[in-house]
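Naming: A, B, ... by sequence-line order, numbering from 1 per chain. Keep in mind it's a predicted model, so treat the numbers as computed, not measured.
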Amino acid sequence: MFTKAVLEATRKVPRGRITTYGEIARIIGRPKAGRAVGNALNKNPYAPIIPCHRVVKADGKISGFNKGVKAKIRILEIEGIKVEKNKVVNLKKVIYHWDS
DNA sequence: GTCGTGACTAGCC
DNA sequence: CGGCTAGCCACGA
């Protein structure tokens, strides 16, 4: 299932690192399904077991979050990720490379 | 089976 | 660099 694949991929993101919707979409085999990815996370029934807060837009901008973007940013900062204007600062340094 | 919606992305101006 | 448009996808009504 697409949704489950997204959740699984998101769950693999290590602490202190983040990924983008497009990246996940590509990993699961649907590089053009960035939208569907966000959709899956939005309605994800696994919210408690999935670090959805480690998923941001391609440019590092923070978007929706079940508990609110504010909370999402707070968590990211706790993980050691700097966020400014709802956007990740050191994006390139926190992006998680799956096939590294 | 078709339509509308949304946590997206890349391209243009 | 900021704003707008078109394309792509999965899901629920």
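In this model, the phosphate group of C:dC11 is approached by a side-chain N or O of A:Thr3 to a distance below 4.0 Å at OP1 or OP2. A sub-4.0 Å separation between OP1 or OP2 of C:dC9 and a side-chain N or O of A:Lys32 is absent.
Residues A:Tyr21 and A:Leu41 are in side-chain contact: their nearest non-hydrogen atoms beyond the backbone lie under 4.5 Å apart. By the 4.5 Å heavy-atom criterion applied to side chains, A:Glu79 and A:Arg17 are not counted as neighbours. Annotation: side chain of A:Thr20 is not in contact with side chain of A:Lys57 (no heavy-atom distance under 4.5 Å).
Distance from the side chain of A:Arg30 is smallest for C:dC9 among the nucleotides C:dC9, B:dT9, B:dA7. The A:Asn42 side chain lies nearest to B:dA7 when the options are C:dC9, C:dC11, B:dA7. Listed nucleotides: C:dC9, B:dA10, B:dA7. Nearest to the side chain of A:Ala58: B:dA10. Relative to the side chain of A:Asn39, the nucleotides B:dA7, C:dC9, B:dG6 differ in distance, and B:dG6 lies closest. Comparing B:dA7, B:dT9, C:dC11 by their closest approach to the side chain of A:Lys72 singles out B:dA7.
To the nearest 0.5 angstrom, A:Arg15 atom CZ is 7.5 Å from A:Arg54 atom CZ.
The NZ-C1' distance, from A:Lys85 to C:dG2, rounds to 16 Å in whole Å. For the pair A:Tyr21 OH and B:dA10 C1', the computed distance is 17 Å after rounding to whole Å. The distance from atom CZ of A:Phe2 to atom P of C:dG12 is 13 Å, rounded to the nearest whole Å. One can place CZ of A:Phe65 at 17 Å from C1' of B:dG6, the figure rounded to the nearest angstrom. In this entry the distance linking CG of A:Asn86 with P of B:dC8 reads 13 Å, nearest Å. As a whole-Å value, the separation of A:Lys57 NZ from C:dC8 P is 19 Å. What separates CD1 of A:Ile73 from C1' of B:dA7 is a distance of 13 Å, to the nearest Å. Separating the NZ atom of A:Lys61 from the P atom of B:dT9 is a distance of 12 Å, rounded to the nearest angstrom.
Environment of NZ in A:Lys61: crowded, with over 12 heavy atoms of neighbouring residues, nucleotides or ligands closer than 6.0 Å.
Base engagement by A:Gly38 is indicated by at least one non-hydrogen atom pair under 4.0 Å involving a base atom. Contacts of A:Asn66 with the nucleic acid, taken as non-hydrogen atoms under 4.0 Å apart, include base atoms. As judged by a 4.0 angstrom heavy-atom cut-off over every strand, A:Ala33 is placed among residues touching the sugar-phosphate backbone only.
One N or O donor and one acceptor, one from the side chain of A:Arg35 and one from the base of C:dC8, sit under 3.5 Å apart.
Pairing for C:dC8 is absent, with no Watson-Crick or G-U wobble pair whose two atom distances lie under 3.5 Å.
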